[in-house]
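For reference, the structure discussed in these notes is given below.
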Amino acid sequence: MCGRYTLRARLNQLLQMYSAQSEIEISPRYNIAPSQKVPVLRLGEDSGMREIVLMRWGLIPSWAKDEKIGYKMINARSETIQEKPSYRSAFKRRRCLVLADGFFEWQRQGSKKQPYLFQKKDGAPYGYAGLWETWTKGHQPMQSCTIITTTANELVEDVHDRMPVILQERHLENWLNPEFDHVDRLKAMLAPYPSDEMQRYPVDPMVGSPKNDKPECVEPIELG
DNA sequence: CCAGACGTTGTT
DNA sequence: GTCTGG
DNA sequence: CCAGACGTTGTT
DNA sequence: GTCTGG
């Protein structure tokens, strides 16, 4: 699962890394929560060029009567994404990359919960395989997205049994391209990222509150 | 035919 | 919108 | 994901 | 317990 993550990278770095254009502004984030506006890489609907835009995290299907449904749609299971009514049309034509550089998972220890931060060994930014939709409320179109999950790798599994799909660079072009329709190849991209390219450490439980969006959220702590 | 769901996770 | 269940 | 609210009426 | 809000 993935219900909280970080994006500390600068926009310039992301634009360069993904050869993308953007008109947004962002500041470093240490605790991104569902329902917030998050930076997403996709192909422009008209231009076909890579662009980074802001979307609400929590996918609102086009047919929804009410945006509240988005609170439940923060993740999509890779195993069933193709069949679920809420996700299948986006899986065909509206794939994206949700930009990040770390994610949190909570380990349940009886009634206590211990959060851990997971990131790449070098701390570099990356992207989650994601889907997006447009939903129209009155005359106001709203774009929203979800993060695809898969089974945990060896580094994650004793904290939690699911993890977000970190998309391998080599798959990005086909993943973003709405014309690419090899379903089996798309699904094969939705695999756990290799453990040996990741690191983890425990962090302060204050990350639980979305109000705490500060550097202390990503500092290692000693468990005692 | 119409009505109702459409999601993931964790816990019991 | 589209599918499942009654 | 976790945290926090969860209600109505009347008065200031 | 369940839903909303961030």
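We name chains A, B, ... by the order of the sequence lines, and we start the count at 1 in each one. Quick caveat: nothing in here was measured; it's all calculated off a predicted structure.
Heavy atoms of A:D161 sit under 4.0 angstrom from primed sugar atoms or phosphate atoms, though from no base atom. Residue contacts for A:P61: at a heavy-atom cut-off of 4.0 Å it reaches no nucleic acid atom on any strand shown. Among the protein residues, A:T80 comes within range of the sugar-phosphate backbone only, with heavy atoms under 4.0 Å from sugar or phosphate atoms but none that close to a base. In this structure, A:A64 reaches neither bases nor backbone, as no heavy-atom distance under 4.0 Å exists between it and the strands shown.
For A:R162, a side-chain nitrogen or oxygen approaches OP1 or OP2 of B:dT9 to under 4.0 Å. Taking only side-chain nitrogens and oxygens, A:R77 comes nearer than 4.0 Å to OP1 or OP2 of B:dT9. An OP1 or OP2 oxygen of B:dT8 is reached within less than 4.0 angstrom by no side-chain nitrogen or oxygen of A:S86. An OP1 or OP2 oxygen of B:dT8 is reached within less than 4.0 angstrom by no side-chain nitrogen or oxygen of A:T146. The phosphate of D:dG4 has OP1 or OP2 within less than 4.0 Å of a side-chain N or O from A:K211. Applying the 4.0 Å criterion to OP1 and OP2 of D:dC2, one finds that A:R108 has a side-chain N or O inside that range.
Closest of all the heavy-atom pairs between A:P210 and A:N31 is CA-ND2, 3.9 Å. The heavy-atom pair separating A:A124 from A:D122 by the smallest distance is N-OD1, 3.0 Å.
Distance NZ (A:K112) to C1' (D:dC1): 19 Å, rounded to an integer number of Å. We find that CD of A:Q82 is positioned 13 Å from P of C:dC3, with the value rounded to whole Å. The distance from atom CD of A:E133 to atom C1' of B:dC6 is 12 Å, rounded to the nearest whole Å. Atom CH2 of A:W57 is separated from atom P of D:dC2 by 11 Å (rounded to the nearest Å). The interatomic distance linking A:K84 (NZ) with C:dT2 (P) rounds to 18 Å, in whole Å. Residue A:F118 contributes atom CZ, which lies 14 Å from atom C1' of D:dC1 at whole-angstrom precision. Look at CD1 on A:I60: it is 17 Å from P on B:dC6, rounded to the nearest Å. Atom pair A:Y5:OH and D:dC1:P shows a separation of 16 Å (rounding to whole Å applied).
Taken residue by residue, residues 67-75 of chain A places heavy atoms nearer than 4.0 Å to DNA chain E at A:K68, A:Y71.
In this structure, A:K187 places its NZ atom where more than 12 heavy-atom neighbours from other residues, nucleotides or ligands lie under 6.0 Å away. Atom NZ of A:K120 has more than 12 neighbouring heavy atoms from other residues, nucleotides or ligands inside a 6.0 Å radius.
With B:dT8, B:dC6, D:dA3 as the choices, the nucleotide that has an atom nearest any side-chain atom of A:A76 turns out to be B:dT8. When each of B:dT8, E:dG6, D:dA3 is scored by its nearest atom to the side-chain atoms of A:Y87, the top-ranked nucleotide is B:dT8.
When the P atom is compared between B:dC6 and E:dT2, the two are found 16 Å apart, to the nearest whole Å. Nucleotides B:dG7 and C:dT4 have their P atoms positioned 12 Å apart, rounded to a whole Å. As rounded to the nearest Å, D:dC1 and B:dT9 have P atoms that lie 7 Å from one another. Annotation: D:dT11 and B:dA3 have their P atoms spaced 45 Å apart (nearest Å). Comparing E:dG5 with D:dT8, their C1' atoms sit 22 Å apart, to the nearest whole Å.
The backbone N or O of A:I74 sits less than 3.5 Å from a side-chain atom of A:T146, completing a donor-acceptor pair. One N or O on the side chain of A:T6 and one on the backbone of A:G102 form a donor-acceptor pair closer than 3.5 Å.
With ring centers used as reference points, A:W57 lies 6.0 Å or more from A:Y128.
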- Query: Are A:N75 and A:T149 close enough, and set up right, to give a side-chain hydrogen bond (donor to acceptor under 3.5 Å, both in side chains), and what steps lead you there?
  - Reply: CA-CA 6 Å; A:N75 292 141; A:T149 62; 5.7 Å; no
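Helical stems of DNA chain B (runs of at least 3 Watson-Crick or G-U pairs, donor-acceptor distances under 3.5 Å) are listed by first residue: B:1-6 with C:1-6.
Of the options A:Y126, A:F118, A:Y116, A:Y193, a ring-ring contact (aromatic ring centres under 6.0 Å, His included) to A:F103 is made by A:F118 and by none of the others.
Stacking is not found between A:F104 and the pyrimidine-like six-membered ring of the D:dC1 base under the 5.5 Å centre-distance and 30° plane-angle cut-offs.
Note: A:F91 and A:W175 have tilted aromatic rings, judged against thresholds of 30 and 60 degrees for the angle between ring planes.
Note on A:D213 versus A:R4: no salt bridge recorded, every NZ/NE/NH1/NH2 to OD/OE distance being 4.0 Å or above.
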